[in-house]
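Scroll down for the structure; my scribbles are underneath it.
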Number of protein chains: 2
Amino acid sequence: MKEITIQQNKVLDCIQEYINKTGFPPTRANICKELGFKSPNSAETHLRALEKKGFIRIESGTSRGITLVNPIGKEESGFPIIGLVAAGSPTLASENIEKTVNCPPSFFGSSFDYFLRVKGLSMKDAGIMEDDLIAVKKTQDIRNGDIVIARIEDEVTVKYFERKSPEIVHLKPANEDFNDIEIDLRETEIHIEGKSVGLIREN
Amino acid sequence: MKEITIQQNKVLDCIQEYINKTGFPPTRANICKELGFKSPNSAETHLRALEKKGFIRIESGTSRGITLVNPIGKEESGFPIIGLVAAGSPTLASENIEKTVNCPPSFFGSSFDYFLRVKGLSMKDAGIMEDDLIAVKKTQDIRNGDIVIARIEDEVTVKYFERKSPEIVHLKPANEDFNDIEIDLRETEIHIEGKSVGLIREN
DNA sequence: AATAGTACTGGGTATTTATACAGTATATTA
DNA sequence: TAATATACTGTATAAATACCCAGTACTATT
């Protein structure tokens, strides 16, 4: 999508607002009145420019035949699902995205950034099962007891977080068959990708 | 909202469809073409009737000035959350609805009808924890091993379903602290509300 | 200084569109 | 039987609207 002029942006916003208010797109005259233009042709030229740049579609010969190409309301809700890749951090690069899930951004109370598909049963006593989707919020604001998505060297894991001392961090599984991971920050590098704010099980 | 004629309903649907397709409301001529009328006045009279009955609003003197009063698109995605009421079956009666959740109907692969908020830990080894939301599909198509929402007399419970014989059904918890419930259909009435097709944990 | 892009004014026209009027036909209801 | 609501066709007109053309002014770039 190409760049846009300040004036063109105003016109685009005006159209969006008009549709929200009335339910149908504005005429050239409507735009002029809204933005203070004195000739409908001013609107016309801007509309043409916006169409050329791909922001709107204009049905020729049709009154109010303006369609927003990227209506704000339509893209508000697509979150990527990322597989727990064996090596390397989970990234939002498209090759790691299984698919996307439509849901409101505030689905889990607080905002979140992506879904992570869980491998293994190390958190089963926390009700996190294999293939569940964890809603991950990218943040460094971690408190003891939070379920974090941590990367140690090249391995990504989901565990309870507990800071024992400024240098010692415990990553605790919720499954008696697994052992705590003790990490000495002076020896091992650890990167917190974020924390879990919700969960979805698809079946 | 008053009653509506078959023809008027057709016109209403036509408007809805047109808006979905093009992004803006139809003209009288558009409606005529769509429904096979030969005079724009046919559309006009129906529009007037629909306006009088409160289904649409018409901006007088404005081209395509038709607004749907109850746009279908706004309510397409709200599923109710039902509390696990201690006594009585979970119903969709509004007094039992905590709130609603916006998500696509096909969120969990198959369709579903409502969310049930889980009480207790009887299914914790299946990863179902207290206060989780179970996506319930109302169906009688239950197979052994499905997680069902069952009502026994006046108590509602979530358990694994296993049919032992034509008359004997077991409802099995996923928690060693709980015991199987054996039900003899000749003695006890049981009603299957539906089965779980997914799960959401809000935090 | 020359060039090009953007932002606007103003005039004019053909088409689209809403809307009114006149009339027919068919049900339903009183 | 009469009255009334619904469902159309057909014609006409004024207003709304899209859209083309010619021209001015400003700014940034070369």
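Throughout, protein chains are lettered first and strands after them, A, B, ... in sequence-line order, and every chain is numbered starting at 1.
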By side chain to side chain contact (heavy atoms under 4.5 Å, CB included) - contacts of Glu17(A) (at least two apart) | Lys21(A)
Tell me which residues in residues 19-40 of chain A put a heavy atom below 4.0 Å from DNA chain C, sorted by number, or none.
-> Phe37(A), Lys38(A), Ser39(A)
Overall bend of the helix from dA1(C)-dT30(D) to dA30(C)-dT1(D) (five pairs an end, 10° steps) is 30°
With sequence neighbours excluded, residues passing ring-ring contact (aromatic ring centres under 6.0 Å, His included) with Phe107(A) | Phe107(B)
For DNA chain C, which nucleotides open and close the run of contacts to chain B, 5' to 3', at under 4.0 angstrom from a non-hydrogen atom?
-> dT17(C) to dA22(C)
For Phe161(B), enumerate each residue passing the ring-ring contact (aromatic ring centres under 6.0 Å, His included) test, keeping only those at least two apart in sequence or located in another chain.
-> none
What are the bounds, 5' to 3', of the part of DNA chain D that sits under 4.0 Å from heavy atoms of chain B?
-> dT6(D) to dT17(D)
Name all residues meeting the side chain to side chain contact (heavy atoms under 4.5 Å, CB included) criterion together with Pro26(B); count only those two or more places apart in sequence or in a different chain, and write none if there are none.
-> Ile15(B), Tyr18(B), Asn30(B), Ile31(B)
Assign each of His46(B) and Thr62(B) to its nearest nucleotide of DNA chain D by heavy atoms, then name whichever residue's nucleotide is nearer the 5' end.
-> His46(B)
Pairs meeting criterion ring-ring contact (aromatic ring centres under 6.0 Å, His included) with involvement of residues 23-46 of chain B, two or more places apart | Phe37(B)-His46(B)
Any donor-acceptor pair under 3.5 Å linking the side chain of Arg64(B) with the backbone of Pro25(B)?
-> yes
Name all residues meeting the side chain to side chain contact (heavy atoms under 4.5 Å, CB included) criterion together with Asp184(A); count only those two or more places apart in sequence or in a different chain, and write none if there are none.
-> Glu167(A), Ile168(A), Arg186(A), Glu187(A)
Mind checking what makes side chain to side chain contact (heavy atoms under 4.5 Å, CB included) contact with Asp146(B), not counting sequence neighbours?
-> Ile142(B), Arg143(B), Val148(B), Lys195(B)
Show every donor-acceptor pair shorter than 3.5 Å between a side-chain atom in residues 126-137 of chain A and any protein atom, with sequence neighbours excluded, or say none if there are none.
| from | atom 1 | to | atom 2 | distance (Å) |
| --- | --- | --- | --- | --- |
| Glu130(A) | OE2 | Gly120(A) | N | 3.3 |
| Asp131(A) | OD1 | Lys119(A) | NZ | 3.0 |
| Asp132(A) | OD1 | Arg201(A) | NE | 2.9 |
| Asp132(A) | OD2 | Met129(A) | N | 2.8 |
| Asp132(A) | OD2 | Arg201(A) | NE | 3.3 |
| Asp132(A) | OD2 | Arg201(A) | NH2 | 2.9 |
| Lys137(A) | NZ | Ser111(A) | OG | 3.2 |

